[in-house]
Amino acid sequence: MAQLPFVSAARPLLAAPAGRGPWQRQWRGGAPGRANAAGGAGARVRAAAARRAAPAAVEAVADEEDEEEVVEEERYALGGACRVLAGMPAPLGATALDGGVNFAVYSSGASAASLCLFTPGDLEADTVTEEVPLDPLFNRTGNVWHVFIEGKQVHDMLYGYRFDGVFAPERGQYYDVSNVVVDPYAKAVVSRGKYGAPAPDGDCWPQMAGMVPLPYSTFDWQGDLPLKYHQKDVVIYEMHLRGFTKHDSSKTKHPGTYIGAVSKLDYLKELGVNCVELMPCHEFNELEYFSSSSKMNFWGYSTINFFSPMARYSSGGTSNYGRDSINEFKFFVREAHKRGIEVIMDVVFNHTAEGNEKGPILSFRGIDNSTYYMLAPKGEFYNYSGCGNTFNCNHPVVREFIVDCLRYWVTEMHVDGFRFDLASIMTRACSLWDPVNVYGGPMEGNMITTGTPLATPPLVDMISNDPILGGVKLIAEAWDAGGLYQVGQFPHWNIWSEWNGKYRDTVRQFIKGTDGFAGAFAECLCGSPQLYQAGGRKPWHSVNFVCAHDGFTLADLVTYNNKYNLSNGEDNRDGENHNLSWNCGEEGEFASLSVRRLRKRQMRNFFVCLMVSQGVPMFYMGDEYGHTKGGNNNTYCHDHYVNYFRWDKKEEQSSDLYRFCRLMTKFRRECESLGLEDFPTSEQLHWHGHQPGKPDWSEGSRFVAFSMKDETKGEIYVAFNTSHLPVVVGLPPRPGFRWEPVVDTGKAAPYDFLTDDLPDRALTVNQFSHFLNSNLYPMLSYSSIILVLRPDV
């Protein structure tokens with residue numbers, strides 16, 4: 001248990017009482033609450049302070065009177081059960097210490113503040129149980145308001161803050177005492193308990209409050225330690241935690257929850273995944289749009305609080321003051337680690353749920369709007385996120401907040417890394433840019449306007465060099481909605497990796513048979529050296545993907561030429577228009593047999609490419625069995641089957657695409673050459689065309705092949721034929737050895753992947769012996785193959 005850190009502080013431990021001081025004003029409106037238990041004697045306190053400046057002759061007497069007055073003016077809360085002390089300004093947030101809880105919150109512009117305490121029942125009734133005014137003389141240090149509540153009863157409460165000050169949106173200030181706002185540092189947020197259900201009165205935005213922490217942990221980590229995989233060895237599975245088990249076919253006891261997801265971790269291990277990237281699990285409001293439409297904020301890219309796990313992903317909801325959500329998230333991480341699976345969080349430090357000037361006042365806006373958001377001179381919100389506001393990431397206070405948050409999730413929640421949504425926003429200059437405040441000294445040519453991309457952004461610098469975050473995986477989505485695109489150019493300190501959007505686009509173009517992409521496709525197979533080698537990075541700094549949560553699924557990528565987003569309620573205007581997809585000849589799921597067969601080949605071709613490319617492969621939940629969203633490429637607002645993992649469909653397809661994907665991830669793990677530490681050299685990798693050693697990089701080439709030396713397999717040969725015509729390829733001659741097929745996407749399952757235990761494997765191979773004996777192999781149109789070198793006995 002931590003000890004009270006301020007016993008010897010010069011300032012009195014006791015806060016000044018509420019009363020007749022000029023700082024105190026009548027709160028305008030707000031939820032009703034009981035008056036604070038303290039009496040009013042502020043004038044006597046100030047008189048005592050004045051006497052401390054009296055001549056030395058009367059100093060002893062004055063000091064004696066001061067001591068008596070401080071004792072007389074003790075303040076209490078919660079019916080006298082808790083004593084109210086001055087507290088300390090650090091650390092920010094609510095901190096359980098010996099004998100009570102210290103509360104500290106940053107607000108530079110507030111003229112008055114109070115701590116609001118709630119019982120769970122009063123919170124549901126939108127009633128403040130007790131309000132503790134904070135005296136700027138005793139409860140403020142610099143721009144931090146603070147108070148210590150002594151007594152164990154405070155742990156049974158929830159809390160928030162009320163701030164007074166200027167309400168002038170045109171000046172970027174939103175202080176409004178009618179709001180009780182959530183502490184940005186709250187470790188759990190309590191409001192509605194059931195996912196998708198409004199409050200009893202129908203309110204989709206009921207009053208929220210933070211959990212008051214306990215002085216001890218209630219979770220047993222059972223010796224859990226970080227797995228610390230080298231990033232080159234990672235296979236990432238992007239998943240939505242609720243969607244993973246919410247469908248009835250999951251047959252889990254607690255569908256759509258952290259606990260429900262734990263019950264399916266063995267499936268991920270079987271699939272060959274050793275890292276999950278969780279879509280947002282910070283506290284957000286899934287009913288954000290519900291008051292004006294039937295849409296849900298399913299994906300969760302609209303954060304309310306960055307320290308708090310999503311409470312309604314917990315089987316217990318907001319019970320136990322929100323602590324169950326913390327423990328259940330920890331349970332998920334611990335059990336994932338037991339199965340050799342790392343956990344990466346998708347974090348959204350580019351905007352919040354408060355939106356633009358028409359949005360609600362929930363937390364940051366009501367505490368210090370001009371600090372936390374990027375503002376124009378007349379208070380308008382910059383919108384580089386496309387969601388109404390932009391987090392002011394490079395402001396000194398904000399970047400400290402972000403680093404504190406990341407540290408918390410690593411040290412307290414044991415996560416292994418972070419994927420930063422719209423990370424390019426973190427490289428933009430903050431509003432009120434001042435090089436002296438940001439760097440500690442003036443810079444040459446400091447004519448930097450708000451939002452300007454910075455070569456060495458302070459936040460990224462701070463994260464990259466933080467001692468606690470060392471070794472943590474950091475992945476940037478290196479673009480934003482304001483047009484800034486930094487793939488290959490994100491400030492990296494040789495630490496940051498990137499979602500490689502250029503890999504996605506190039507691979508889609510080449511696999512569907514677009515001319516002019518053979519050379520670019522070869523670069524993708526090598527880990528995109530044209531993007532990362534010159535800057536000192538390695539192939540594993542490229543996170544390779546073909547599909548992700550936004551955009552078409554793998555099945556839809558080969559089924560639809562056009563998006564079908566009408567169900568989103570935006571007249572099909574939302575979502576990406578340039579999907580680089582190909583329906584293989586007919587639009588939609590209902591197609592001829594030949595088209596359906598071609599689609600199966602194309603899905604396998606994409607997956608083969610992903611698994612044989614240097615870099616880090618990532619694929620999206622459900623793509624391994626061919627999940628479809630019916631052509632909707634922006635399903636952010638649907639809490640139903642379109643976003644749910646279909647365990648029934650996975651079982652139906654278990655002998656088909658799922659088997660292929662599982663075996664391909666296993667093959668990648670077995671091949672040392674497919675996860676190199678550095679970019680492949682000409683000694684390791686040789687390019688081929690239809691004939692060995694004669695690659696075709698011409699504009700019309702639709703064939704790329706390579707052979708690669710491998711410590712475990714000896715040598716592998718990989719070829720992609722994306723032409724509409726079949727071809728017989730010449731294989732590199734290897735005297736004393738022969739090439740043996742392992743993968744051929746032109747074959748029907750289970751012959752698309754020949755395992756050693758396949759009953760008629762030898763017969764299947766012998767069918768090609770007349771080709772293989774001549775160092776030849778026939779390939780169908782739109783197919784890919786993998787062969788391994790075996791001794792010719």
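Below, each value reflects all heavy atoms present in this structure, side chains not excepted, and no hydrogens, waters or symmetry copies.
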The test is side chain to side chain contact (heavy atoms under 4.5 Å, CB included); show your working for Leu469 and Val410 and say whether it passes. CA-CA 8 Å; Leu469 300 178; Val410 169; 3.9 Å; yes
I would like to know whether Asp176 and Asn179 meet side-chain hydrogen bond (donor to acceptor under 3.5 Å, both in side chains); could you show each step before the answer? CA-CA 6 Å; Asp176 184 352; Asn179 289 285; 3.2 Å; yes
Output, in order, the C-alpha distance, side-chain angles, deciding distance and verdict of ring-ring contact (aromatic ring centres under 6.0 Å, His included) for Phe298 and His240. CA-CA 9 Å; Phe298 182 77; His240 188 281; 3.9 Å; yes
Just do the side chain to side chain contact (heavy atoms under 4.5 Å, CB included) check on Met462 and Ile402 with the steps written out, would you? CA-CA 10 Å; Met462 194 171 177; Ile402 292 173; over 6 Å; no
Stepwise, does the side-chain hydrogen bond (donor to acceptor under 3.5 Å, both in side chains) test hold for Asp122 with Thr129? CA-CA 6 Å; Asp122 281 349; Thr129 305; 2.6 Å; yes
Output, in order, the C-alpha distance, side-chain angles, deciding distance and verdict of side chain to side chain contact (heavy atoms under 4.5 Å, CB included) for Ile149 and Val84. CA-CA 5 Å; Ile149 305 297; Val84 179; 4.0 Å; yes
Show your reasoning for whether side-chain hydrogen bond (donor to acceptor under 3.5 Å, both in side chains) applies to Ser111 and Asp164. CA-CA 6 Å; Ser111 59; Asp164 198 4; 4.6 Å; no
Stepwise side chain to side chain contact (heavy atoms under 4.5 Å, CB included) test for Arg312 and Glu283: CA-CA 8 Å; Arg312 289 171 297 286; Glu283 184 66 26; 3.2 Å; yes
Working for side-chain hydrogen bond (donor to acceptor under 3.5 Å, both in side chains), residues His337 and Asp416: CA-CA 10 Å; His337 286 174; Asp416 302 283; 2.7 Å; yes
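Note: Tyr161 and Tyr159 have perpendicular aromatic rings, judged against thresholds of 30 and 60 degrees for the angle between ring planes. Using the six-membered ring where Trp is involved, Phe306 and His282 have ring planes that are perpendicular, over 60° apart on the 30 and 60° scheme. Between Tyr644 and His247, the two ring planes are perpendicular [angle over 60°; tilted spans 30° to 60°]. Note: Phe381 and Tyr373 have perpendicular aromatic rings, judged against thresholds of 30 and 60 degrees for the angle between ring planes. Between Tyr384 and Tyr382, the ring-plane angle classifies as parallel under the 30° and 60° cut-offs.
Aromatic rings of Tyr301 and His549 (six-membered ring for Trp) have centroids within the 6.0 Å cut-off, being under it. Checked against the 6.0 Å centroid threshold, Phe167 and Tyr174 count as a close aromatic pair. The aromatic ring centres of Phe401 and Tyr185 sit less than 6.0 Å apart. The six-membered or imidazole ring of His395 lies away from that of Tyr372, with a centre-to-centre distance of 6.0 Å or more. Centroid-to-centroid, the aromatic rings of His414 and Trp221 come within less than 6.0 Å.
Taking the centre and axis of the six-membered ring of Tyr195, the NZ or CZ atom of Arg242 falls inside the cone set by 45° and 6.0 Å. A cation-pi arrangement is present between Lys187 and Phe307 under the rule of less than 6.0 angstrom and at most 45 degrees off the ring axis. The side-chain tip of Arg83 does not point at the ring of Tyr76 from less than 6.0 angstrom away and within 45° of straight on.
Within the 4.5 Å cutoff, side-chain heavy atoms of Pro309 are placed close to those of Trp409. Phe331 has its side chain within reach of Val262: a pair of non-hydrogen atoms, C-beta onward, lies under 4.5 Å apart. Arg365 places none of its side-chain heavy atoms less than 4.5 Å from the side chain of Thr352. Annotation: side chain of Leu117 is in contact with side chain of Leu78 (closest heavy-atom distance under 4.5 Å). Side-chain contact between Lys338 and Gln222 is present, with at least one heavy-atom pair separated by less than 4.5 Å. Contact of the Met310 side chain with the Ser325 side chain is not registered, since no non-hydrogen atoms from C-beta on lie closer than 4.5 Å. Looking at Phe284 and Val348, their side chains never come closer than 4.5 Å, going by heavy atoms from C-beta outward. Proximity of Leu123 to Val190: side-chain heavy atoms (C-beta onward) are separated by under 4.5 Å at one or more points.
Considering every non-hydrogen atom in both Trp145 and Ala112, the closest pair reads CH2-CA, 3.9 Å. Nearest heavy-atom pair, Glu286 versus Gly196, reported as atom, atom and distance to 0.1 Å: OE2-N, 2.7 Å. Contact record, Ser107 with Ile367: OG-O, 2.7 Å, taken as the closest heavy-atom pair. Considering all non-hydrogen atoms of both residues, Ser308 and Ala186 come closest at OG-O, 3.0 Å. The minimum heavy-atom distance linking Ala77 with Val132 is given by the pair CB-CG2, 4.3 Å. In plain terms, the two heavy atoms of Ala336 and Val343 that are nearest each other are CB-CG2, 3.8 Å.
Under a 3.5 Å cut-off, the side chain of Thr257 and the backbone N or O of Gly260 do form a donor-acceptor pair. Checked by atom type and distance alone, the side chain of Ser250 never pairs as donor or acceptor with a backbone atom of Lys246 at under 3.5 Å. No donor-acceptor pair under 3.5 Å is formed between the side chain of Thr390 and the backbone N or O of Met374. No donor-acceptor pair closer than 3.5 Å links the side chain of Tyr258 to the backbone N or O of Tyr313. Proximity of a side-chain donor or acceptor of Asn389 to a complementary backbone N or O of Gly355 within less than 3.5 Å is detected. When atom types are taken as modelled, the side chain of Thr635 and the backbone of His638 share no donor-acceptor pair closer than 3.5 angstrom. Under the 3.5 Å distance criterion, the side-chain polar atoms of Asp421 are left unmatched by any main-chain donor or acceptor of Asn350. Of the possible polar contacts, none joining the Thr303 side chain to the Asn305 backbone as a donor-acceptor pair under 3.5 Å is found. Arg323 places a side-chain N or O within donor-acceptor distance of the main-chain N or O of Val212, the cut-off being under 3.5 Å. Distance alone, capped at 3.5 Å, places no donor-acceptor pair between the Arg162 side chain and the Ser114 backbone.
In this structure, CG in Asp203 is found 10.0 Å from OG in Ser191, a value given to the nearest 0.5 Å. Rounding to the nearest 0.5 Å places OG of Ser108 at 3.5 Å from CG of Asp368.
Taking 4.0 Å as the cut-off between side-chain N and carboxylate O, Arg407 and Asp466 count as a salt-bridged pair. A salt bridge links Arg419 with Asp346; the closest basic N to acidic carboxylate O contact falls under 4.0 Å.
When the shell of 6.0 Å around CD of Glu124 is examined, it contains 12 or fewer heavy atoms from other residues, nucleotides or ligands.
A donor atom on one side chain and an acceptor atom on the other are not found under 3.5 Å apart for Asp324 and Ser314. A side-chain N or O of Asn327 and one of Thr218 form a donor-acceptor pair less than 3.5 Å apart.
Taking His155 as the reference, nothing meets the ring-ring contact (aromatic ring centres under 6.0 Å, His included) condition, with sequence neighbours excluded.
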